[in-house]
Amino acid sequence: MSDEWRPRSWRMPDGGTLVEGPAFPLRPAGPDLRGSEGESLTEERTYYRLDPEGRLERSFEATDWSLEYEQGVQTYHVEGSALLRLYATHDCYSDERVHRADVEREGLVPLPPEEAPSAGQVRVLAAENRERMRAEGLRTRHPDWPDGGCR
């Protein structure tokens, strides 16, 4: 990933900031994930939520799962002024498919590019998030990033 990549960022109603991570291809296995307009998605991103003082508070990462005959995937995507949680399941036994888009956070206001964190700053956030999750016994979706593995 080049240093020219400039993440998008949004001010949240409480004064915090939402920062977009790089794009990764969606995993080929699992249900077809759709956007709020029903379009098939081809990539996923992690979003980092900073508190009003600029400290990492949490991340919004894609997850997938399977249970007996059912597979599911959930990811996040910013559309307009909202962070959406996109969810899809596929019941392999009945072939039933469910697609849902729920508002996770609303009232986002885009920051001008000069106020948004740089790609380097997002790499620092990703490393901090990875270490925080590792300390909690959790794994991040893309454990090799920011050391490599993205576009």
Side-chain angles (χ1 to χ4, degrees), residues 1-2 5-14 16-51 55-111 113 116-117 119 121-151:
M1 180 172 59
S2 84
W5 170 64
R6 192 76 178 176
R8 297 184 306 164
S9 299
W10 300 264
R11 183 73 57 222
M12 302 178 81
D14 66 358
T17 304
L18 185 69
V19 181
E20 179 180 75
F24 292 90
L26 278 175
R27 294 182 181 176
D32 178 30
L33 195 59
R34 310 254 172 158
S36 65
E37 301 294 321
E39 72 279 11
S40 289
L41 299 180
T42 60
E43 63 184 30
E44 65 182 48
R45 295 178 184 271
T46 297
Y47 292 87
Y48 303 96
R49 196 250 191 267
L50 309 179
D51 67 17
R55 292 183 301 264
L56 178 65
E57 191 172 86
R58 70 167 289 189
S59 62
F60 299 91
E61 294 191 54
T63 57
D64 53 10
W65 50 269
S66 63
L67 179 64
E68 294 184 6
Y69 298 106
E70 189 174 35
Q71 294 179 313
V73 64
Q74 172 181 289
T75 194
Y76 296 89
H77 182 70
V78 171
E79 287 187 24
S81 64
L83 174 65
L84 302 177
R85 182 177 353 101
L86 305 173
Y87 177 82
T89 61
H90 177 212
D91 185 314
C92 300
Y93 185 74
S94 68
D95 202 33
E96 179 183 4
R97 298 166 194 270
V98 174
H99 300 277
R100 196 171 71 224
D102 299 321
V103 175
E104 181 73 25
R105 299 281 194 274
E106 55 189 349
L108 304 179
V109 177
L111 289 176
Q121 290 168 315
V122 175
R123 284 185 183 96
V124 170
L125 287 173
E128 182 182 337
N129 183 60
R130 181 181 59 205
E131 293 308 311
R132 179 181 57 88
M133 290 183 72
R134 191 176 286 160
E136 295 174 10
L138 303 171
R139 292 180 31 191
T140 60
R141 177 74 165 189
H142 302 284
D144 296 333
W145 195 77
D147 304 319
C150 70
R151 56 181 170 135

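In this text the structure is predicted, and so the values were computed from the model without any measurement.
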Kindly indicate, with the supporting measurements, whether the criterion side-chain contact (heavy atoms from CB on, under 4.5 Å) is fulfilled by Arg134 and Glu131. CA-CA 5 Å; Arg134 191 176 286 160; Glu131 293 308 311; 3.1 Å; yes
Counting only heavy atoms not in Glu68, do more than 12 fall under 6.0 Å of its CD?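 Not buried by this count: 12 neighbours or fewer within 6.0 Å.
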Other residues, nucleotides, ligands: >12 heavy atoms within 6.0 Å of Glu106 CD: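 Counting other residues, nucleotides and ligands, CD of Glu106 stays at 12 neighbours or fewer.
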Not counting sequence neighbours, which residues clear side-chain hydrogen bond (donor to acceptor under 3.5 Å, both in side chains) with Arg58? List them please.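 So Arg58 forms no side-chain hydrogen bond (donor to acceptor under 3.5 Å, both in side chains) with any residue.
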Roughly how far, to the nearest 0.5 Å, is [atom2] of [Y] from [atom1] of [X]?
X: Arg100; Y: Arg85; atom1: CZ; atom2: CZ; result: 7.0 Å
X: Arg130; Y: Ser59; atom1: CZ; atom2: OG; result: 12.5 Å
X: Asp102; Y: Gln74; atom1: CG; atom2: CD; result: 8.5 Å

Measure the shortest side-chain to side-chain distance between [X] and [Y] over non-hydrogen atoms and say whether it is less than 4.5 angstrom.
X: Thr89; Y: Gln71; result: no
X: His77; Y: Thr75; result: no
X: His90; Y: Asp95; result: yes
X: Arg105; Y: Leu18; result: no

Please lay out, stage by stage, how Leu83 and Val103 fare under the test side-chain contact (heavy atoms from CB on, under 4.5 Å). CA-CA 6 Å; Leu83 174 65; Val103 175; over 6 Å; no
Let me see the working for Val122 and Tyr48 under side-chain contact (heavy atoms from CB on, under 4.5 Å), right down to the final yes or no. CA-CA 9 Å; Val122 175; Tyr48 303 96; 4.1 Å; yes
Thr17 versus Arg11, side-chain donor and acceptor atoms under 3.5 Å: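 The criterion, which ignores hydrogens and geometry beyond distance, is satisfied for Thr17 and Arg11.
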On a heavy-atom basis, which atom in [X] and which in [Y] lie closest, and how many Å separate them?
X: Glu57; Y: Asp51; value: OE2-CB, 3.6 Å
X: Pro117; Y: Ser9; value: CD-OG, 3.0 Å
X: Tyr47; Y: Tyr76; value: CE1-O, 3.4 Å
X: Arg45; Y: Gly21; value: NH1-O, 2.9 Å
X: Glu43; Y: Ala23; value: OE1-CB, 3.4 Å
X: Val98; Y: Glu96; value: CG2-OE2, 4.0 Å

Report the C-alpha distance between Val73 and Thr63 in whole Å, list the side-chain angles of each, state the deciding distance to 0.1 Å, and finish with yes or no for side-chain contact (heavy atoms from CB on, under 4.5 Å). CA-CA 6 Å; Val73 64; Thr63 57; over 6 Å; no
